[in-house]
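Report on one structure; see the data block that follows.
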Amino acid sequence: MLLRQSPDIRPSEITPQSDYLNRRQILAGMASALLAAGLPAEAALAGPLAVARSSQLAGDEKPTSLKDITHYNNFYEYGLDKDQPAQSAPGLLKLRPWTVKVSGECARPGIIDIDELIKASALEERVCRHRCVEAWSMVIPWLGVPLAQVLARFEPSSKAKFVAFETLLDPRQMPEQRSSLIYPWPYSEGLRIDEAMHPLAFLALGLYGEPLPAQNGAPIRLVVPWKYGFKGIKSIVGIRFVEKQPPTLWNALAPNEYGFYSNVNPTVDHPRWSQAKERRIGEFLRRPTLMFNGYGDQVAGLYSGMDLARDF
Ligand code: MTE
């Protein structure tokens, strides 16, 4: 984002949606069978996840291929090149045990254990557009739970005006964290509380019917489909309810390039490139970028009265 131009990748094969949907139904059935057989959650986790319901939030747009979603990544803890996260994250990131500490302005601070969350939740599949600030995009069939549903359990107080998120800090598992010359690790992000409680804000635990691959932010990452992709913080270990707008990694590094809100907005250019169009990975021609990434009918109300060119 800040440092290098991404190399072009070949338009690649897209899994036909009908094949993928059939496959997902089979996989979901297998996962339910495992759970019904009383096997521990880990057994089910090694394979597919059970899907309770599915929402198509990208119109009739085809999901990007699994290969592209899992091999064209931004995960700077593993390097700046798009293929580096797939090469090194799976071997280095230890996915269990994994907990998320929830703290700050709430009545019931506590810990989320990922396996308990998965067991206790009816997982939803959401096929959403994913628009990176670098002007490329994908359509991803995420699997997870609404963020609001998880946050509500901790009973945020009236002082909780924002929610801050933090990625794991462990240079043995995330080698680029050995140097903090450029990036103020750990990766951090934040949302206003009404954004966090919006039904479209989502915690992803899987994609394409299976647990999240390490390179996509396993075992739990944020998905905020109306914002640029960098708001979707990966491998979360901390969630804090706070009164003041929290510092976030990209905004701290370059506030004139990466605003706190970072809503997808084709009319506000990045200082170094246009945001009017995007390249859908797997396609050749660029397509127009949609305001709020096409989710304006659902989220525009969150920003009424704001000047989105100034508060970008
Ligand atoms: N989270 C962490 N911890 N580290 C990162 O480098 N990159 C962000 C976001 N979350 C990033 C992160 C950016 S710039 C984007 S576009 C998305 O993750 C990319 O998600 P994907 O690789 O699953 O497409």
Side-chain angles (χ1 to χ4, degrees), residues 1-6 9 63-90 92-93 98 100 126 128-144 164-171 173-177 179-180 182-191 202-208 210-239 248-254 257-259 262 264 270 275 278-282 289 293:
M1 296 187 4
L2 199 58
L3 298 171
R4 275 203 214 168
Q5 284 278 308
S6 46
I9 64 161
T64 302
S65 73
L66 179 63
K67 174 94 196 295
D68 282 340
I69 293 173
T70 56
H71 288 79
Y72 189 82
N73 298 105
N74 277 337
F75 202 165
Y76 280 19
E77 287 87 335
Y78 297 97
L80 303 185
D81 293 334
K82 297 286 185 265
D83 57 351
Q84 279 177 309
Q87 278 166 21
S88 55
L92 291 172
L93 187 58
W98 192 284
V100 182
R126 289 195 181 178
C128 302
R129 291 179 211 97
H130 174 57
R131 168 58 158 89
C132 178
V133 74
E134 297 162 337
W136 54 264
S137 64
M138 300 191 186
V139 172
I140 305 187
W142 300 110
L143 210 62
F165 300 85
E166 217 168 78
T167 292
L168 175 71
L169 178 63
D170 182 349
Q173 297 187 56
M174 297 186 159
E176 293 299 316
Q177 290 179 340
S179 161
S180 53
I182 301 176
Y183 299 106
W185 307 116
Y187 196 100
S188 55
E189 258 311 332
L191 296 173
F202 198 62
L203 282 172
L205 299 154
L207 61 81
Y208 264 115
E210 305 214 23
L212 270 187
Q215 60 267 37
N216 292 91
I220 183 164
R221 61 95 53 88
L222 184 63
V223 175
V224 204
W226 71 96
K227 293 180 179 280
Y228 290 120
F230 70 86
K231 297 293 291 182
I233 180 171
K234 296 179 169 182
S235 306
I236 298 169
V237 293
I239 298 180
T248 60
L249 182 136
W250 285 107
N251 185 240
L253 273 174
E257 301 191 9
Y258 308 107
S262 280
V264 174
H270 185 280
Q275 294 292 21
E278 65 201 53
R279 191 168 58 92
R280 178 65 52 83
I281 300 300
T289 285
N293 209 17

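In each ligand, atom 1 is the first atom listed, and ligand 1 is the first ligand listed. Note that the structure is a prediction, hence the values are computed from the model and not measured.
Ligand 1 is approached by G232 to a heavy-atom distance shorter than 4.0 Å. At least one heavy atom of R221 sits under 4.0 Å from some atom of ligand 1. Assignment of H130 to the shell around ligand 1 is supported, since a heavy atom sits closer than 4.0 Å.
Side-chain atoms of Q87 and D81 form no donor-acceptor pair, as typed in the model, at a separation below 3.5 Å. Using modelled atom types and a 3.5 Å distance limit, the side chains of K82 and N73 yield no donor-acceptor pair. With 3.5 Å as the limit, one finds no donor-acceptor pair spanning the side chains of S137 and R131.
Residue contact check: C132 has heavy atoms under 4.0 Å from atoms 16 (S) of ligand 1. Atoms of ligand 1 found under 4.0 Å from any heavy atom of N73, numbered from 1 in the order shown, are 21 (P), 22 (O), 23 (O). Every atom of ligand 1 is numbered from 1 in the order shown, and the set under 4.0 Å from a heavy atom of E77 is 2 (C), 3 (N), 4 (N), 5 (C), 6 (O). Atoms of ligand 1 found under 4.0 Å from any heavy atom of T167 (numbered from 1 in listed order, with element): 3 (N).
Judged by distance alone, with hydrogens and angles left aside, the side-chain atoms of N293 form a donor-acceptor pair with the main-chain N or O of P225 at under 3.5 Å. Remark: side-chain polar atoms of S235 are paired, donor with acceptor, to backbone N or O of A218 under 3.5 angstrom. When atom types are taken as modelled, the side chain of Q177 and the backbone of D170 share a donor-acceptor pair closer than 3.5 angstrom. Within the 3.5 Å criterion, the main-chain N or O of H71 finds no donor-acceptor partner in the side chain of D83.
Of the options Y187, W142, F165, the smallest heavy-atom separation from atom 8 (C) of ligand 1 is shown by Y187. Looking at K234, E189, Q215 and measuring to atom 22 (O) of ligand 1, the nearest heavy atom belongs to K234.
Taking only nitrogen or oxygen atoms, main chain and side chain alike, N216 reaches within less than 3.5 Å of ligand 1. An N or O contact shorter than 3.5 Å is missing between W250 and ligand 1 by distance.
Counting heavy atoms closer than 4.0 Å to ligand 1, residue E134 contributes nothing at all. Counting heavy atoms closer than 4.0 Å to ligand 1, residue F75 contributes atoms from both its backbone and its side chain.
Not counting sequence neighbours, the partners of E176 by the side chain to side chain contact (heavy atoms under 4.5 Å, CB included) test are W185.
The side-chain hydrogen bond (donor to acceptor under 3.5 Å, both in side chains) pairs that include a residue from residues 214-226 are W226-N263, W226-Y303, where partners are two or more places apart or lie in different chains.
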